[in-house]
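Reading through the structure tokens given below for one structure.
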Number of protein chains: 2
Amino acid sequence: MMSTAAQPLDRIFGALADPTRRAILARLSGGEATVNELVAPFGLSQPTISKHLKVLEYAGLVSRGRDAQFRPVRLNAAPLADAAQWLGDYRRFWDESLDRLEDYVEELKAREKSHDGQ
Amino acid sequence: MMSTAAQPLDRIFGALADPTRRAILARLSGGEATVNELVAPFGLSQPTISKHLKVLEYAGLVSRGRDAQFRPVRLNAAPLADAAQWLGDYRRFWDESLDRLEDYVEELKAREKSHDGQ
DNA sequence: CCATAATATAGCTATCTAGCAATATAGATA
DNA sequence: TATCTATATTGCTAGATAGCTATATTATGG
């Protein structure tokens with residue numbers, strides 16, 4: 001199960017490396033779902049989907065609720081921000097000319113965040 | 001070696017899921033390097049690094065040159081843009097309030113790109 | 001309490017992974 | 001040509017992964 005010693009980014013990128021798991025996240029971006037609702041669209045067994053959910057949970061990308069015998073799954077996107085930040089360090093290599101604009105926006109955003117704002 | 005049928009994002013995220021490979025990319029962001037230069041900082045054998053390089057190459061993240069008996073490795077960040085774009089679809093979930101600003105900038109960037117500009 | 005529905009766990013297989021040491025190959029140089 | 005240096009390839013091991021079926025668990029509802 002991806003060695004217990006794995007770093008957060010290992011788990012996050014590892015979770016995203018599987019198309020079924022990316023599809024699960026895409027589905028969850030439209031709202032929470034039960035396990036069976038997630039099983040339906042794939043040609044995969046329920047235990048297989050449950051295993052994928054465990055990988056996503058281990059990466060912090062989903063969390064589970066409880067509603068009678070249902071265990072609703074919801075998206076938790078926070079770790080994706082870490083992944084995006086890691087990628088951000090390389091942005092200038094694929095998008096050199098727009099780098100300064102990006103920096104400017106990041107600065108604006110940081111400023112807005114520090115002022116708070118709703 | 002991550003099934004031949006893997007999709008590009010599988011290979012990209014899969015490549016990023018290993019800390020040694022992320023460190024190699026970080027090193028390459030400072031300029032190209034030979035295999036032995038990449039071996040040095042890790043406590044890993046040369047064949048192990050060569051194998052990591054093959055995974056990175058398969059994901060399109062590095063390319064190799066030839067200079068005498070050296071095979072210089074350089075960063076190819078383009079596939080990271082695909083990963084970043086995928087993540088971008090989830091940005092609003094971790095960064096709701098700044099979404100409109102982000103959209104605005106994306107629009108600006110698209111406009112600037114279509115005008116070209118150096 | 002019993003039956004059913006939703007989900008989790010166990011146990012299995014085939015394949016992939018990350019690491020190693022040993023060896024092969026390719027190019028430069030003495 | 002012989003040798004040295006840089007890198008690739010081979011063959012191995014231990015452990016992870018993705019899938020399955022069968023079974024256990026948990027909670028509802030009769």
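As a basis for the values below, the full set of heavy atoms in this structure was taken, side chains included, without hydrogen atoms, waters or symmetry mates. Letters A, B, ... are given to chains in the order of the sequence lines, protein chains preceding strands, and every chain is numbered from 1.
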Checklist entry - Would a 4.5 Å heavy-atom cut-off, applied to side chains only, mark A:Ser50 and A:Gln46 as touching? => result yes
Can you name the atoms? Protein N/O to nucleotides 19-21 of chain D N/O, anything below 3.5 Å, with the distance.
from   : atom 1 : to      : atom 2 : distance (Å)
D:dG19 : OP2    : A:His52 : NE2    : 2.2
D:dG19 : N7     : A:Lys51 : NZ     : 3.0
D:dG19 : O6     : A:Lys51 : NZ     : 2.9
D:dC20 : OP2    : A:Ser45 : N      : 3.0
D:dC20 : OP2    : A:Ser45 : OG     : 2.8
D:dC20 : OP2    : A:Thr48 : OG1    : 2.5

Item to check | d(CZ, A:Arg64; C1', C:dT7) in whole Å | outcome: 8 Å
For nucleotides 27-30 of chain D, give me every protein contact, N/O to N/O, under 3.5 Å, one pair per line with atom names.
from   : atom 1 : to      : atom 2 : distance (Å)
D:dT28 : O4'    : A:Gln69 : NE2    : 3.4

Sequence neighbours excluded and cut-off under 3.5 Å, please list the side-chain donor-acceptor pairs for residues 67-85 of chain B, or say none.
from    : atom 1 : to      : atom 2 : distance (Å)
B:Arg71 : NE     : B:Gly65 : O      : 3.0
B:Arg74 : NH1    : B:Ser63 : OG     : 2.5
B:Asn76 : ND2    : B:Gly60 : O      : 3.1

Item to check | Whole-Å gap separating P (D:dT7) and NZ (B:Lys54) | outcome: 15 Å
Checklist outcome for this item: What residues 21-34 of chain A contributes to the DNA chain C interface at heavy-atom separation below 4.0 Å is A:Thr34
Checklist entry - Side-chain N or O of B:Arg71 less than 4.0 angstrom from OP1 or OP2 on C:dA26? => result no
Checklist outcome for this item: Residues passing the side-chain hydrogen bond (donor to acceptor under 3.5 Å, both in side chains) test with A:Gln7, sequence neighbours excluded, are none
For residues 20-29 of chain B, dump all side-chain donor-acceptor pairs below 3.5 Å to protein atoms at least two apart in sequence or in another chain.
from    : atom 1 : to      : atom 2 : distance (Å)
B:Arg21 : NE     : B:Ala15 : O      : 2.9
B:Arg21 : NH1    : B:His52 : ND1    : 3.2
B:Arg21 : NH2    : B:Gly14 : O      : 3.2
B:Arg22 : NH1    : A:Asp10 : OD1    : 2.8
B:Arg22 : NH1    : B:Leu16 : O      : 2.8
B:Arg22 : NH2    : A:Asp10 : OD1    : 2.8
B:Ser29 : OG     : B:Ala26 : O      : 2.6

Checklist entry - Over how many whole Å does the gap from B:Asp10 atom CG to D:dA18 atom C1' extend? => result 12 Å
Checklist entry - Nearest of C:dA18, C:dA8, D:dT7 to any side-chain atom of B:Val35? => result D:dT7
Next on the checklist: Is there a side-chain contact between A:Asn36 and the phosphate of C:dT7, meaning an N or O under 4.0 Å from OP1 or OP2?
Outcome noted: yes
Checklist entry - Considering residues at least two apart in sequence or located in another chain, which fulfil the ring-ring contact (aromatic ring centres under 6.0 Å, His included) criterion with B:Tyr90? => result B:Trp86
Which atom pairs, donor and acceptor, lie under 3.5 Å between side-chain atoms of residues 31-45 of chain A and protein residues at least two apart or in another chain?
from    : atom 1 : to      : atom 2 : distance (Å)
A:Thr34 : OG1    : A:Glu37 : N      : 3.2
A:Glu37 : OE1    : A:Thr34 : N      : 2.9
A:Ser45 : OG     : A:Thr48 : N      : 3.3
A:Ser45 : OG     : A:Thr48 : OG1    : 2.9

Next on the checklist: Rounded to whole Å, please give me the gap between CZ in B:Phe70 and C1' in C:dA28.
Outcome noted: 9 Å
